[in-house]
Amino acid sequence: MAKFVPVEPFDIVIFGGTGDLSRRKLLPALYHRWVDGQIPENSTIVGTARSEMDIAAYRAVAREACEKASGKSWDAAAWDEFEKILHYVTIDATNPEGDWEGLKSKLTSEEDRPRIFYLATSPHLYVDICRALGAVDLSGGFSRVVLEKPIGTDLASAQAINDGVAEVFAERQVFRIDHYLGKETVQNLMVLRFANILFEPLWSQNYIDHVQITVAEDLGLEGRADYYDRSGALRDMVQNHLLQLLCLTAMEPPNDLDDDDIRTEKIKVLKALRPVTEADARRLTVRGQYAAGIHAGQPVKGYVEELSATEGSKTETFVAIKAEINNWRWTGVPFYLRTGKRMSSRHSDIVIQFKRAPHNLFGEQFGNVNKLVIRLQPDEAVRLYVQIKEPGPGGLRVKSLPLNLSYAESFMLRYPDAYERLLMDVVRGNLSLFMRRDEVEAAWRWVDGLIEAWEASGYTPETYPAGTDGPMSAAMLMDRDNRSWWKEN
Ligand code: BG6
């Protein structure tokens, strides 16, 4: 059984309280923490939005969302209690003249109680909302502000948002979310690396041949065409989620779990990433866009048709990158990153491929075999592939098989959504799983360089049929190095 330590009572205000993120993730996350007894009864949750709505209507919207997200674990009796702490206020949060008194009347006046403002709105509103919070005197001591990704669309816009937020909130009050850091398996990556003595001595260019990080999705645009077409896979997934996974895999052991120690180690990795130049763009990266194809046995539209665009689009829905980290530990070890929409299946893996043993006693069958595969989703597992002897009296046949740690078999529990942990960490004031300003900006600096390289070299996306693993060039990227993308048998 998982243990839940209740957090202290808190107030949370969700701007964008009726939006997609609130309905799919935030309200269900709070409801689940309530069901597990982690949220004290005298806490307060206030949804806000511009639309007029009475509290009964808001609770009905929230109930439907939580019920849908809970599936079989829905607990109607728990909901009846939970909804008592759920409120709604109509407000234009960018306007200091709005109904802030109405909002304040819902909040508790205890000065040392954590007061969280969750900005589940479009990022272009972040600075105005923060300024309004400052103007109406809601930004003091125990207030915290949570910013969803994307923080900007490039370095300059990210800096503008960070500067605007910093006019009102100190860095210790700012929680920049990357929900991948809240995933159980991603946190386990740190435990695996730093709570076991086994891996650390091998974890460098001495013993590792290369690393692969794949986040493959099988879905397409899912009604987000407007946002996605302005963003693309590099900004939507690589700048944040994949680079965070790369940092956790490559960083030096932090001195302790203090938030700044971890973040300081991660930023060193980002700063060591070798920039991709115009001359390297086609050699080190692949840019793809899905065309019509087959998904789950059914024909599906291509990206441009899905957009209903009258003209074509140059937005990439797939990226593969051969990244290099220029530091003592990793020089010479490529990190191959790959992500895309409408790929053959949904799976996220980190594969650590070890080098061959120096002397081959066993002939051809003795391949490039020791690998550690960390499956982040959907069927969370850690597999360490080792060579073993195939049983039998004749000959000596060697086979590669995994020591297999499946989460589902080892822990019979409901998997908490990433937002559940992250929201509780905001209440606790624990910043270690949130991105520091300089981290976000370092990631943008590298990504901006890559976008410039694509533009300067005129590299527009290559198409791939929906339901496949990206353009042929993605396989070639590996093939040129005599390697291939790992695929589960
Ligand atoms: C989001 C991206 O940050 O992550 C989406 O904007 C993507 O495009 C999603 O689908 C993937 O998250 P998960 O948790 O489903 O792997």
Side-chain angles (χ1 to χ4, degrees), residues 16 19-26 28-29 32 68-69 71 118-124 146-153 158 175-189 213-248 288-290 295 300 303 306-307 313 315-319 337-350 374-381 407 414-423 433-435 439-440 443-444 447 461 466 470:
D20 182 61
L21 180 71
S22 296
R23 281 180 285 121
R24 275 192 315 111
K25 296 289 184 185
L26 305 180
H32 280 119
K68 188 169 168 202
Y118 200 115
L119 275 48
T121 63
S122 167
H124 76 271
V146 186
L147 308 180
E148 260 297 326
K149 76 163 257 278
I151 301 195
T153 51
F175 290 70
R176 296 180 191 81
I177 278 207
D178 181 317
H179 80 276
Y180 265 59
L181 295 181
K183 288 183 190 271
E184 286 288 332
T185 37
V186 174
Q187 288 160 46
N188 192 36
L189 181 57
I213 301 178
T214 297
V215 178
E217 299 186 89
D218 57 348
L219 297 176
L221 285 178
E222 300 299 292
R224 294 162 77 222
D226 242 18
Y227 154 74
Y228 195 86
D229 199 47
R230 279 180 283 114
S231 171
L234 184 66
R235 291 184 173 97
D236 184 47
M237 295 295 287
V238 178
Q239 189 272 344
N240 34 77
H241 308 325
L242 274 91
L243 287 185
Q244 285 295 319
L245 297 179
L246 175 138
C247 285
L248 291 177
Q289 186 187 80
Y290 62 85
H295 170 59
V300 290
Y303 176 74
E306 223 181 296
L307 276 182
S313 160
T315 301
E316 76 285 346
T317 62
F318 175 95
V319 186
L337 312 179
R338 174 175 67 151
T339 185
K341 301 263 183 213
R342 280 279 186 245
M343 291 178 64
S344 59
S345 62
R346 173 177 183 260
H347 64 100
S348 303
D349 304 292
I350 300 176
I374 303 165
R375 165 138 295 194
L376 304 175
Q377 56 191 29
D379 41 353
E380 294 79 0
Y407 274 47
R414 183 187 76 83
Y415 248 69
D417 186 79
Y419 281 90
E420 296 180 38
R421 133 111 10 197
L422 294 174
L423 280 165
L433 297 178
F434 297 84
M435 287 176 297
E439 216 179 326
V440 175
W444 274 124
V447 163

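Hydrogens, waters and symmetry mates play no part in the numbers below; they use all other heavy atoms, side chains included. Numbering of ligands and ligand atoms starts at 1, following listing order.
The His241 neighbourhood of ligand 1 comprises atoms 1 (C), 3 (O), 4 (O), with distances under 4.0 Å to a heavy atom of that residue. The Asp236 neighbourhood of ligand 1 comprises atoms 2 (C), 5 (C), 6 (O), 8 (O), with distances under 4.0 Å to a heavy atom of that residue. Near Glu217, meaning under 4.0 Å from one of its heavy atoms, ligand 1 places the atoms 7 (C), 10 (O), 11 (C). For ligand 1 and Lys341, the ligand atoms under 4.0 Å from any heavy atom of the residue are 5 (C), 7 (C), 8 (O), 10 (O).
His179 NE2, 3.2 Å is the protein heavy atom nearest to atom 12 (O) of ligand 1. In terms of protein heavy-atom proximity, atom 15 (O) of ligand 1 is closest to Arg346 NH2, 3.6 Å.
Of the listed options Lys183, Lys25, Met237, Glu222, Lys183 places a heavy atom closest to atom 13 (P) of ligand 1.
For the pair Leu147/Phe434, no side-chain contact is recorded, criterion being any heavy-atom separation below 4.5 Å from C-beta on. Residues Arg342 and Thr317 are not in side-chain contact: their nearest non-hydrogen atoms beyond the backbone lie 4.5 Å or more apart.
No donor-acceptor pair closer than 3.5 Å links the side chain of Glu316 to the backbone N or O of Pro461.
Residue Lys149 has at least one N or O atom closer than 3.5 Å to an N or O atom of ligand 1.
Of the N and O atoms on the side chains of Thr214 and Asp349, not one donor lies less than 3.5 Å from an acceptor on the other residue.
No part of Glu148 comes within 4.0 Å of ligand 1, judged by heavy-atom distances.
Electrostatic pairing of Asp236 and Lys149 counts as a salt bridge here, judged by a charged N lying under 4.0 Å from a carboxylate O.
Put simply, part of Tyr180 is less than 4.0 Å from ligand 1, judged by heavy atoms.
Of all the heavy atoms in Ala418 and Lys183, the pair that sits closest is CB-N, 3.7 Å.
Of the inter-residue distances, the one linking Leu433 atom CG with Arg421 atom CZ reads 6.0 Å to the nearest 0.5 angstrom.
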